[in-house]
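Single-structure report; data block below.
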Amino acid sequence: MARYTCLFIVSVKSDHLLPLLVELLQDCQLDIQYHTGDYIIARQVPGNVAFPKLITVEVLIDKSKSTETETRMSIVIKNEELPLQLDNYCRQMFEFIKQAIESSRHWHLIESLAG
């Protein structure tokens, strides 16, 4: 299973972050499967890639460490594909979504730590 993670600190209140993230993930052609006030699960819609390559995105908003001006969130992007190559499909989608988060006009990125 391929799995990539990243931690972001963005300059937006945690209460405003969830709807902005839902919109961003939908703009990345992902279907929101589930969300609460601090957690989102989104999946890629079948049809364009083989089933094992379909990605799942999990976003956790860390409200315990958020302030009036900063919010931490972590993302996990994974699929069932074996990461036999460094530049596999899951990695490509991870980089695409990571770039979308880093360049969003809805907030200022303070820090991004890929794991």
Side-chain angles (χ1 to χ4, degrees):
M1 173 189 280
R3 178 186 171 109
Y4 301 94
T5 63
C6 194
L7 170 70
F8 298 96
I9 302 175
V10 293
S11 63
V12 66
K13 292 172 75 172
S14 63
D15 296 341
H16 297 108
L17 185 57
L18 182 78
L20 297 173
L21 281 171
V22 166
E23 181 181 335
L24 183 138
L25 293 171
Q26 289 172 334
D27 289 347
C28 291
Q29 306 303 312
L30 297 168
D31 184 36
I32 306 301
Q33 300 288 306
Y34 176 79
H35 69 83
T36 63
D38 60 356
Y39 185 70
I40 303 170
I41 294 179
R43 290 204 174 109
Q44 197 169 24
V45 179
N48 294 329
V49 296
F51 188 76
K53 290 186 176 186
L54 293 174
I55 64 162
T56 300
V57 179
E58 295 182 38
V59 181
L60 177 63
I61 300 169
D62 189 354
K63 291 186 175 186
S64 68
K65 295 182 181 176
S66 66
T67 67
E68 286 293 315
T69 58
E70 293 181 2
T71 303
R72 291 175 180 245
M73 66 174 164
S74 59
I75 64 168
V76 176
I77 298 176
K78 59 187 176 181
N79 68 6
E80 298 300 320
E81 173 185 29
L82 290 174
L84 300 175
Q85 300 173 356
L86 184 60
D87 189 30
N88 58 64
Y89 181 75
C90 190
R91 177 66 178 211
Q92 292 168 4
M93 291 302 296
F94 169 75
E95 292 297 336
F96 174 73
I97 294 167
K98 182 175 173 274
Q99 181 61 40
I101 292 170
E102 290 175 344
S103 62
S104 175
R105 62 180 175 83
H106 296 294
W107 53 71
H108 172 71
L109 180 71
I110 296 170
E111 191 172 358
S112 172
L113 301 168

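Just so you know, these numbers come straight off a predicted model, no measurement behind them.
I41 is listed as a side-chain neighbour of T56, based on a closest heavy-atom distance under 4.5 Å. Looking only at side-chain heavy atoms (C-beta outward), S74 and D62 stay at 4.5 Å or farther from each other. Looking at heavy atoms from C-beta onward, V59 lies out of side-chain contact with F8 at the 4.5 angstrom threshold. Within the 4.5 Å cutoff, side-chain heavy atoms of E68 are placed close to those of K13.
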Practice task
Could you check I55 against L30 for side-chain contact (heavy atoms from CB on, under 4.5 Å), going step by step and ending with a plain yes or no?
Solution key: CA-CA 9 Å; I55 64 162; L30 297 168; 4.1 Å; yes
Handout entry: Chi angles and distances behind the side-chain contact (heavy atoms from CB on, under 4.5 Å) call for H106, H16
Key = CA-CA 10 Å; H106 296 294; H16 297 108; over 6 Å; no
Exercise for the section: Go through the steps for V45 and Q29 under the test side-chain contact (heavy atoms from CB on, under 4.5 Å), then give the verdict. Expected result: CA-CA 7 Å; V45 179; Q29 306 303 312; over 6 Å; no
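Nearest heavy atom pair, residue L21 against residue M73, reads CD1-SD, 3.5 Å. Between E111 and L109, the shortest heavy-atom contact is O-CD1, 3.5 Å. Taking all atoms of both residues into account, the shortest heavy-atom contact from M1 to L82 is N-CD2, 3.8 Å. The two atoms that bring N79 and K53 nearest to each other are ND2-O, 3.0 Å, heavy atoms only. In plain terms, the two heavy atoms of I32 and H35 that are nearest each other are CG2-CD2, 3.8 Å. Of all non-hydrogen atoms in I75 and F94, the two that sit nearest each other are CD1-CE1, 4.3 Å.
No more than 12 heavy atoms of other residues, nucleotides or ligands lie within 6.0 Å of NZ in K65, so this atom counts as exposed by the packing criterion. In this structure, D27 places its CG atom where more than 12 heavy-atom neighbours from other residues, nucleotides or ligands lie under 6.0 Å away.
A donor-acceptor pair under 3.5 Å is formed between the side chain of K63 and the backbone N or O of G37. Looking at S11, its side chain does come within 3.5 Å of a backbone N or O of H108 through a donor-acceptor pair.
When T71, V10, D15, T36 are each tested for a side-chain contact (heavy atoms from CB on, under 4.5 Å) with I61, only one passes: T71.
Atom CD1 of I77 and atom CZ of R91 lie 10.0 Å apart (nearest 0.5 Å). For the atom pair CD (E70) and CG (L17), the distance works out to 12.5 Å, reported to the nearest 0.5 Å. Here E95 contributes atom CD and Q92 contributes atom CD; the two are 9.5 Å apart, rounded to the nearest 0.5 Å. If you take OG1 on T67 and CZ on R72, they are separated by 10.0 Å, rounding to the nearest 0.5 Å. To the nearest 0.5 angstrom, Y89 atom OH is 7.0 Å from L54 atom CG. For the atom pair CG (D38) and CG (L60), the distance works out to 6.0 Å, reported to the nearest 0.5 Å.
Hydrophobic clustering places V22 together with L25 (ILVMFWY residues linked when any side-chain heavy atoms are closer than 4.5 Å, directly or through intermediates). In terms of hydrophobic clustering, with Ile, Leu, Val, Met, Phe, Trp and Tyr side chains grouped at heavy-atom distances under 4.5 Å, L7 and I97 are assigned to different clusters. No continuous path of hydrophobic side-chain contacts links L113 to I9 [ILVMFWY only; heavy atoms under 4.5 Å]. F96 and L24 fall within a single hydrophobic cluster, where Ile, Leu, Val, Met, Phe, Trp and Tyr side chains are chained together by heavy-atom contacts under 4.5 Å.
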